[in-house]
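Written out below as structure tokens is the structure these notes cover.
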Amino acid sequence: MADSSLNPFLRAQQAFKEAVETLGLEPAVYEILKQPLRSFEVAVPFIRDDGTLQVFNGYRVQHNDALGPTKGGLRFHSSVTMDEVKALAMWMSVKCALLGLPYGGGKGGIACDVDQLSESEIERLSREYIRAVSLVIGPDKDIPAPDVSTNPQIMAWMVDEYSRIRGENTFGLITGKPIVIGGSAGRVEATGRGLVFATKQLAKELGIDFAKSRIAIQGFGNVGSVAAEISYDMGASVVAVSDKDGGLYNPAGINIPDLLEYKRINRRLQGYPHAEPISNSELLELPVDILFPAALENQITADNAPNIRARIVGEGANGPTTPEADRILFDKGIMVIPDVLGNSGGVTVSYFEWVQNQTRFYWSEDEVNQRLEEYMSRAMAQMHTMHERFGVTLRKAAYLVAVERIAQAMRYRGWLK
Ligand SMILES: NC(=O)C1=CN([C@@H]2O[C@H](COP(=O)(O)OP(=O)(O)OC[C@H]3O[C@@H](n4cnc5c(N)ncnc54)[C@H](O)[C@@H]3O)[C@@H](O)[C@H]2O)C=CC1
Ligand SMILES: O=C(O)CCC(=O)C(=O)O
């Protein structure tokens with residue numbers, strides 16, 4: 001069966017439409033939320049190491065700022081398009097509102113393949129991108145952060161470039177920075193930590209002991225590798241992991257610290273001697289308790305959803321499950337922790353980082369982790385209330401919490417007359 005719901009922007013629009021209708025809100029709410037307030041497409045010229053000039057397409061989208069400045073990551077990936085960035089920004093609006101953060105949703109990216117660029121080329125590209133969007137971002141306007149193929153080093157170059165343009169250190173411009181220049185303790189781990197936290201809570205409700213569970217993880221970057229490490233430390237058996245080049249499977253469980261050391265030395269997962277090779281599609285269909293998709297959108301579709309055997313799908317990635325797949329998983333009794341909650345640990349600790357930058361007062365990692373649990377527990381409780389009140393999936397319930405909050409802000413601000 002072909003899956004008609006692969007365009008993430010159309011999916012995001014449909015989800016907002018359903019939420020506005022379910023809540024019985026005025027149609028004007030959907031008219032505002034169905035597209036971003038501002039979408040920028042910029043040319044990013046930079047000099048290659050061989051002296052030639054290359055120009056990439058860059059994007060920054062600000063979906064809705066009723067609750068505060070827009071916030072969301074920057075992705076460097078060859079598949080980045082305006083529609084993808086719009087959807088990612090819309091999902092950020094939902095995530096920030098659900099978590100009760102004083103932000104709207106934003107997102108950005110550059111269509112490029114970082115594997116083809118040297119480190120100095122990535123630095124020049126990052127600095128040029130910031131020059132291209134410097135007029136539309138800022139600590140009280142729109143605050144970027146890491147996403148796919150971007151990291152604290154890239155955030156450092158970007159905040160440095162912006163600070164040079166402004167003529168003053170502006171650490172609150174961007175989050176996910178190295179700790180020594182205003183990064184927050186716990187930000188690198190936050191998304192994976194939050195995902196494991198939310199999954200452990202749901203597992204308990206379903207009578208699954210997380211510490212005895214079998215887990216498969218697609219994507220072994222910031223989100224997937226941290227989720228693997230924390231799950232392993234809690235005693236769970238991580239039986240499969242993967243990256244864009246394929247996966248590894250050991251039904252007896254993979255020693256994650258050993259694999260991380262192997263990856264650090266070899267810069268890849270492939271060839272690890274204590275697990276069998278497995279494809280990404282095989283990994284998704286393994287007989288496990290918990291599946292963490294932590295790579296890209298559209299991984300669980302109408303085609304493979306009937307074969308998913310996990311009892312819980314905890315979405316670390318943004319948009320890994322299509323709406324048709326969502327319906328199939330629901331019918332099979334598989335619980336899905338929606339991305340807007342599952343991966344919300346990242347933006348929540350980004351918010352803490354921004355607060356620390358604005359106040360110049362820095363917190364310990366324990367304080368960060370404790371507040372992260374408080375914010376996520378509150379959002380989960382509100383999502384559960386909507387889930388029960390309207391009898392809808394957790395994803396729809398998350399949208400109901402978020403859209404009600406954004407609509408309230410727009411109403412007070414006089415946008416809905
Ligand atoms: N970094 C963060 O704090 C947050 C990330 N996310 C989302 O989590 C997902 C992963 O992001 P990061 O871990 O930050 O990125 P990353 O760049 O650190 O890692 C991405 C991983 O996915 C793998 N991958 C790429 N394409 C793949 C494919 N087709 N099949 C299987 N694996 C593939 C890569 O090889 C890599 O292991 C994205 O959807 C991102 O938007 C969401 C919230 C916060
Ligand atoms: O940390 C942030 O501000 C945003 C992270 C992000 O891009 C996401 O949650 O998808």
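Just follow the structure's listing: the first ligand is 1, and inside any ligand the first atom is 1. Note that the structure is a prediction, hence the values are computed from the model and not measured.
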Member of Leu259, Asp243, Leu283, Val238 meeting the side-chain contact (heavy atoms from CB on, under 4.5 Å) criterion with Leu248: Leu259

So which protein heavy atom does [atom] come closest to, and at what separation?
atom: atom 36 (C) of ligand 1; result: Gly221 N, 3.9 Å
atom: atom 39 (O) of ligand 1; result: Ala295 O, 2.9 Å
atom: atom 1 (O) of ligand 2; result: Ser350 OG, 2.6 Å
atom: atom 26 (N) of ligand 1; result: Leu296 CD1, 3.5 Å
atom: atom 40 (C) of ligand 1; result: Asp147 OD1, 3.2 Å
atom: atom 5 (C) of ligand 1; result: Val223 CG2, 3.5 Å

Using distance alone, decide if ligand 2 has a nitrogen or oxygen within less than 3.5 Å of any nitrogen or oxygen in Gly73.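 Yes, at least one N or O pair falls under 3.5 Å.
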
Does the residue Arg75 have a heavy-atom contact with ligand 1, meaning some pair of atoms that are separated by less than 4.0 Å? yes

Minimum distance, heavy atoms only, to [atom]: which one of [options] is it?
atom: atom 32 (N) of ligand 1; options: Thr348, Val114, Asp243, Val241; result: Asp243
atom: atom 9 (O) of ligand 2; options: Met155, Lys95, Lys107, Lys71; result: Lys95
atom: atom 30 (N) of ligand 1; options: Asn151, Asn280, Leu269, Asn298; result: Asn280

Under 3.5 Å, N or O to N or O, is [X] touching ligand 1 that way?
X: Glu297; value: no
X: Arg187; value: yes
X: Gly224; value: no
X: Lys244; value: yes
X: Phe220; value: yes
X: Gly346; value: no
X: Ser149; value: yes
X: Asn318; value: yes

Is the contact between Ala294 and ligand 1 made by the side chain, the backbone, both, or neither, using heavy atoms and a 4.0 Å cut-off?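 Within the 4.0 Å criterion, Ala294 contacts ligand 1 through backbone atoms alone.
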
Part of Asn222 within contact of ligand 1 (heavy atoms, under 4.0 Å):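 It is both backbone and side chain that touch ligand 1.
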
Relative to the heavy atoms of Thr191, which atoms of ligand 1 are at a distance of less than 4.0 Å? 2 (C), 3 (O), 4 (C), 43 (C), 44 (C)

Taking only heavy atoms of Val148, which atoms of ligand 1 are found under 4.0 Å from at least one of them? 11 (O), 15 (O), 17 (O), 38 (C), 40 (C)

Decide if the gap between the ring center of Phe56 and the ring center of Tyr129 is smaller than 6.0 angstrom.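 No, they do not, as the ring centres are separated by 6.0 Å or more.
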
Answer yes if the side chains of [X] and [Y] hold a donor-acceptor pair under 3.5 Å, and no otherwise.
X: Ser93; Y: Asn64; answer: no
X: Ser149; Y: Arg75; answer: no
X: Asn266; Y: Tyr272; answer: no
X: Asn151; Y: Asn222; answer: no

Per-atom contacts of ligand 2 with [X], taking only distances under 4.0 Å to non-hydrogen atoms:
X: Arg187; value: 1 (O)
X: Asn318; value: 10 (O)
X: Met92; value: 4 (C), 6 (C), 7 (O), 8 (C), 9 (O), 10 (O)
X: Gly346; value: 1 (O)

[atom1]/[X]: more than 12 non-hydrogen atoms of other groups inside 6.0 Å:
X: Phe330; atom1: CZ; answer: no
X: Glu205; atom1: CD; answer: yes
X: Lys200; atom1: NZ; answer: no

Could you tell me whether Val349 approaches ligand 2 through its side chain, its backbone, both or neither, with non-hydrogen atoms closer than 4.0 Å?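 Looking at Val349 and ligand 2, no heavy atom falls under 4.0 Å.
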
Using a 4.0 Å heavy-atom cut-off, say whether Asp147 meets ligand 2 through its side chain, its backbone, both or neither.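 Answer for Asp147: side chain.
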
Anything under 30° is parallel, anything over 60° is perpendicular, the rest tilted; go ahead and classify Tyr351 against Tyr375.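 If you compare the ring of Tyr351 with that of Tyr375, the planes turn out tilted.
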
Any sub-3.5 Å donor-acceptor pair from Gln356's side-chain atoms to Trp363's backbone N or O? yes

